[in-house]
Each structure stands twice: as C-alpha cells, then as structure tokens.
Amino acid sequence: MSGKSRRDFLKTSALIGAGVTGLSATAKAGPKNILSEDRMGVLVDTTACVGCRNCEWACKEAHNLPAGNLESYEDRKILETKRRPDHTALTVVNEYSSGKNSNLPVDVKVQCMHCDHPACVSACIVGAFSKHENGSVTWDTDMCIGCRYCMAACPFQIPAFEYDKALNPKIMKCDFCIERTKEGKVPACVSICPVEALTYGSRTDLVKIARDRIKRNPDRYVDHIFGEYEVGGTSWMYLSNKEFAELEFPKLGEKPAPGVSESIQHGIFAYFVPPVSLYALLGGIMWISKRRKELDEEIK
Amino acid sequence: MKKIFAILLVIVCAVAINAQQSPGKDHSKLNITCKTCHTCDVPTKSEPCLVLCPRERMVTVYQKPEQTPELIVMDQISDRYGPVYFSHRIHAQMSNMGGGCEGCHHFNTSGPILKCSNCHESTRKRENVSVPDLKGAYHRQCMDCHREWSHDTGCNSCHQLKKDLKDVKKDNIQKKYAGKQHPVVLEPTKLVYETKSDKGKFVTFYHNDHTKQFGLSCISCHKQESCTKCHDVNRTDKNKNLKVVTKKTFEDQHKNCISCHSKTENCNKCHNDKIIEPFNHAKSTGWALNKYHINLSCTKCHGTKLPYKKVDNRCSGCHQNWNEENFKHSVTGLQLDENHSAFSCEDCHIDKNFAVKPSCNNCHDDYSFPKQKPGKMLKK
Ligand code: SF4
Ligand code: SF4
Ligand code: SF4
C-alpha cells in the first residue's frame, strides 16, 4: 500500500510539474518516473552468453556510434582487460574465469540496469532523466546542465560523460533502445545475440522464468537473480554460475538508492519556479494526497 | 500475394508451436511418471495441460548414427549468412560418449524425431520467452562445445556470408561428408593416476582389461565426455602429457570405479605405493586359465550382475551338461588312450574333485601325473 501511494503521489507531482511546465517557455516535456506493472526487462543469462560481443556492435550501430565491422569483434584479446561502458560504447562484455560445473569462461554484458527506482532520476537536479512506462530510463540532452550528479548517484556507475567534447558534451548511457521498442522492435543487442543470452520480456515473466531455470538446473546456476531485489529491483536482471561479487557486481541492499523525495525539490528547481508558487504547489500536492487518502478511506 | 503468404506462414508457425507432438497411444506405458509432462491430475485430449518441453532426459527415440541423416541443411533463419550445412552423422558418432542423441534432441517422447522448430519459435519478439527462440537454440547447441575446444566464437566456422555463397555448392559439401566417419577412438592400455591419497599415491588403471576382459562398453564410463578431451586447439603434442589437476569431489572422483568396485572394499585394492601389475587370474585366484578360458570375457563365467558370481573350480559349475557319457577328455588338452578312456571319472579324479591332481594309485603303484600320462597331450 505504501508503495502504491508513493507512486500515486509521484504521478500527481509529475502531473502538476507538467502543468507548471506548460507555463514555462524554456522547458520541454517534464521528467517522468513511472513504475508500470507491465514494464519490460531483459534477463541476461551469463551461463549462455558466449562473449561474442555482437551486442556491443549492434548497440553502436543502433546509436550511430562508430562500430567498425562485425568480424573485427571476433578478436577475443580485448576480453583480457576489464572495460566499463562509456560514451563510445553503451554496453561492453567482460570475461571472468569459469564458474561451477563448467569449463567455459563467464562472460558478462554490462549496461544500464534500468532501475525500478532509478537513482539517476532522483539525483538529476533538472529532471533530465526519466523512467518510462516500458521500464527504460532515458536521458534528455536538451535539459542536461552537465552537473554529472547522475554519475555520482548511479550505484552501477553507468552514466558516462563525453569528456572529449568541448561543446555540448553529452551524458551517454544505454537507453534500452527506446526508439526501437517504440516501433515494436526488440532492443538491438537482444536482437543480434546468437544464443539469446538476453531474453526480452515483461519483468514479471522474466522473474518467473529465471526462478524456473534455477529450480530446474540447480547445478547450473547460483541461487540468486541479480536485480530482482537489488536497489529496489532493476529491469535488467542476471543469472550466473558464479557468485556475483566474483563478477564485479556491486554488493547492494534492497533499498532504492537514494531517497525519492529529492526529485520533487529538483523538479521544482528545474523549472525555476518562484518560491511562492513552490509553496502553493507543495500545498496543492499535499491537499491532493490528503483528499485521496480520505477518499480511499471513504471507499473502504 | 505476399500478404497471403505471410498469413499462411504465421498460421503454419502457430500450429507448429502449439502442436506439441503426440507421444502415441501407448505412451502411458513409458517408464516415466505422468507428472513429467502433465501438470494436472487428469489430462485429456482437449486439455493436456502439458509442461514446457523439459530439458531433463525425456528421450525415448534412439537411432544408430548410421541410420541418421548424413547432412542437414539449416536454412530456416538465414539472414546475414547463408544456410548452415551440419554434418549430422559424424556429430552423432562423436556424441556417443558425450551424452548421445539427447545431448541435442533433449525432448522427444515417442514417434518421429521432433524438429527444433516445434518448440523453438523463429521470432525473437514473441509472447512466450521461457525457451530460447530457434536462433538461440541452434547456437546454444553448437557453440557450447565448439567454443570449448576452439576457444573462439568466430562465425565463419559454421557460417558463410551470403556474398561469399556462390563459392559454396551443396553438392560439394555433400561430397565432402559422404561416407565420412569419425575415426576410431584409440584406447589407452595403462593409465597411472597420481593421487594425494594417504592410502597409496598411485592408482594403476588397466584400461584394456576393463574393456576387453571385463567387457565394459565405452559409454558405461564415458557418458558425458567433453569433445575437448581430444579436440582442444590449445592441446599440442608438447603439453599432451602434462599433469591434469582435477578439482572433483571425492564422490565425483570415484564415481566410475565404485559403480563396480564397492566403496567399502579396501582402498589398497586400487591405491598403491607403486605402479601395480595388470590383473592375473592365476596369481589372484590360484587358477590359471587354459587356452579356452583365456579367451572368455569375465562375465561369461562370473555373470554380469554385481558382485560377480564366485565360481569354484569344478568344471560342472559351468559345464552343467557334461556327464560321463558325453564328456570328451580331449578338451582338457589331454587325449586319453584306449585303456584309460574306458574308466569312469572317479577312478583317477578321487571324489570327482577336479581341482586337485588326478591320482594313478588305483592301478599303478609308483605312477604320478604329470610325470606319467594316461594318453597324449594335445598341442596347446
Ligand atoms: S551478443 Fe549475446 S552471447 Fe554475444 S556477448 Fe552479447 S550477450 Fe553474450
Ligand atoms: S543503472 Fe544507473 S543509470 Fe541506469 S537506471 Fe540505474 S541508476 Fe540510472
Ligand atoms: S538495450 Fe539498446 S542501448 Fe541498451 S545496451 Fe542494448 S542495444 Fe545498447
């Protein structure tokens, strides 16, 4: 119940935010932070991933980043060093020594986790980040003021900054291929993966599938779905035959990081709302939530 | 026209996906519980409540490699690449020791062999994502072994780019694999394992004895062998004899041996401070095998069931149909002369005990076998 009312509260504030933005000439669409029941996700099965890095290539191609030719990704030397996603590659694959009951190395694709309660969205003082209905967390180039709070806030160190660009440097990160999914396609990396190590589906289904795989193959997996509960849950989740700490996944609690309420202040700050309207706005929100609660109680 | 074709295709696909193969009328007699395939207690034809094709062993259809297709052309989902020519028969031969048919055909009750596409849809964007799509399923089958031994994931070991396709003719490929066999796997004679056991450092394993004498088939031990055991590109002649350090548990380590040698048997039966001699029937049992017995497999006398049947040294233990009338003494290597062949067995073999030396004292005072012989020795 508490989660639901918080969500309602946020939706309300977003609506009001949008109302206020309507008045402001500079701001565009307001930031969203929607946690839909039907949000999509990806289950990354690292025991199936072969480390071919086709996903890296497809991601670059889909985002107009220099990608080179696909054949050049067959060189496995690059896997000898650990890499992080950056402004030249929104996703990278790293390789680790083999896990239980396997002679094969473990390959791990890394990208934005598309958190259910994204810290980047909370941290962004101008509301340049949004969490959408389909689960994706995206970043709006026009709003960003380059403060890089998102980089500091993200528990997975995902948002990357184009340091090499003097003019208009961008924050870069995986956008869950929102342009492709809008057209009804699956994300580029999911589409190319030869072994379907990346399963794209509704997050609810994916959790069930992941549990089922662990149950049916206890020898193949460690009993942990990374991202099911970490930082309040993530849209991208992982299965592995090795403890996640050994694959350099951060050890995180189940609480979303950090508090969501900040975003309201930030949201207001973003549109340079004068203090008077600010109080009126907060008062409005409080009134609406109170009225809601009363209505809820009346219905009960 | 295109549209109609597309619709037809969709219908065909949908039917293929939903129609899980009927396992035949008699499938309730299969040696599996109903719950392996059905989730409800009373499955009916209209509501069979089937579980998803399980990965567990559910295969009841087996074929000898020779009966299987030599070459399979996989062209259902070619996009960037042309069709893949899969040398099925050689793979089937190789898979004998690596999991057999079900290593790949992991779901096939009875009836004809199911196509992968029966369960694995050919689109990545689909409703049910609990099993991989066709492209994923194919690649998982191939790549897990191939990258294990080649240590790479290059596409061109199986795929040909469409633009290079004109160089590849199906006929040529067919010719390449026609009648091709996986070479016979060479069998080692003696293997010495160096262990850390305080019960004795060395375990000497006579491989040929186990296959030839004790009659074990390859797959009774080599069930889930990885192809890398022979086909690892990193394996050169130089490091062939390198010590392999295994990280197996006690149970895993002894799994193959204790299926015959009881775990409670003295450890020193296998573990020793030195390398031991091969099994010798005369030394171990006190009964040397003659030229007939030496060619028999152990199971012929000792049975196939464990623990092996103890056999005493009376011939009649095995040769139950031998009696005084039909017994030909020459099978022992000694042909009785005319005088002696008239006697009954007990005259020389006191108390019909054939294990001890025969006695001549019934007739001859100072004769003894084998110094004196009641006939002629046949050439051994
Ligand atoms: S494309 Fe698939 S198999 Fe290849 S590296 Fe990416 S996730 Fe792994
Ligand atoms: S992983 Fe980082 S960047 Fe991605 S949604 Fe979570 S907090 Fe934001
Ligand atoms: S979802 Fe899209 S943006 Fe994200 S890693 Fe995959 S291809 Fe790249």
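The basis for the numbers below is simple: all heavy atoms, side chains too, and nothing from hydrogens, waters or symmetry mates. Per chain, numbering begins at 1; letters A, B, ... match sequence-line order.
Remark: the backbone N or O of A:Ser191 is not paired with any side-chain donor or acceptor of B:Lys125 at under 3.5 angstrom.
In the displayed structure, B:Asp252 atom CG is contacted under 6.0 Å by more than 12 heavy atoms of other residues, nucleotides or ligands. No more than 12 heavy atoms of other residues, nucleotides or ligands shown are found within 6.0 angstrom of NZ on B:Lys255. At most 12 non-hydrogen atoms from other residues, nucleotides or ligands lie less than 6.0 angstrom from CD1 of B:Ile219. Annotation: A:Glu71, atom CD; neighbour count of heavy atoms from other residues, nucleotides and ligands within 6.0 Å is above 12. Heavy-atom contacts from other residues, nucleotides or ligands closer than 6.0 Å to NZ of B:Lys115 number 12 or fewer.
Of all heavy-atom pairs spanning B:Arg124 and A:Ile192, the tightest one is NH1-C, 4.1 Å. B:Val129 approaches A:Tyr200 most closely through the heavy-atom pair CG1-O, 3.6 Å.
Of the atoms belonging to A:Ala197, it is backbone heavy atoms, and not side-chain ones, that fall under 4.5 Å from chain B. Residue contact with chain B, scored on non-hydrogen atoms closer than 4.5 Å, involves the side chain of A:Thr199 exclusively. No part of B:Cys142 comes within reach of chain A, as not one of its non-hydrogen atoms sits under 4.5 angstrom from that chain.
Taking A:Cys52, A:Gly51, A:Ala210, A:Cys193 one by one and counting their heavy-atom pairs under 4.5 Å with chain B, the maximum is reached by A:Cys193. Put simply, of A:Ile209, A:Val186, A:Leu104, the one with the most heavy-atom pairs under 4.5 Å next to chain B is A:Leu104. Between chain A and the residues B:Arg147, B:Glu148, B:Met143, B:His151, the most heavy-atom pairs under 4.5 angstrom are made by B:Arg147. When A:Leu206, A:Leu43, A:Asp45, A:Val190 are compared by the number of non-hydrogen pairs under 4.5 Å with chain B, A:Val190 comes out ahead.
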Candidate pair B:Asp152 and A:Glu74, rule side-chain contact (heavy atoms from CB on, under 4.5 Å), full reasoning: CA-CA 7 Å; B:Asp152 77 17; A:Glu74 286 176 10; over 6 Å; no

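In summary, the side chains of A:Arg53 and B:Thr153 do not present any donor paired with an acceptor at a separation below 3.5 Å, with no hydrogens or angles considered.
Counting heavy atoms from C-beta outward, A:Val50 and B:His139 have side chains that stay 4.5 Å or more apart.
Contact check on A:Glu196 versus B:Arg126 returns a salt bridge, with a Lys/Arg side-chain nitrogen under 4.0 Å from an Asp/Glu carboxylate oxygen.
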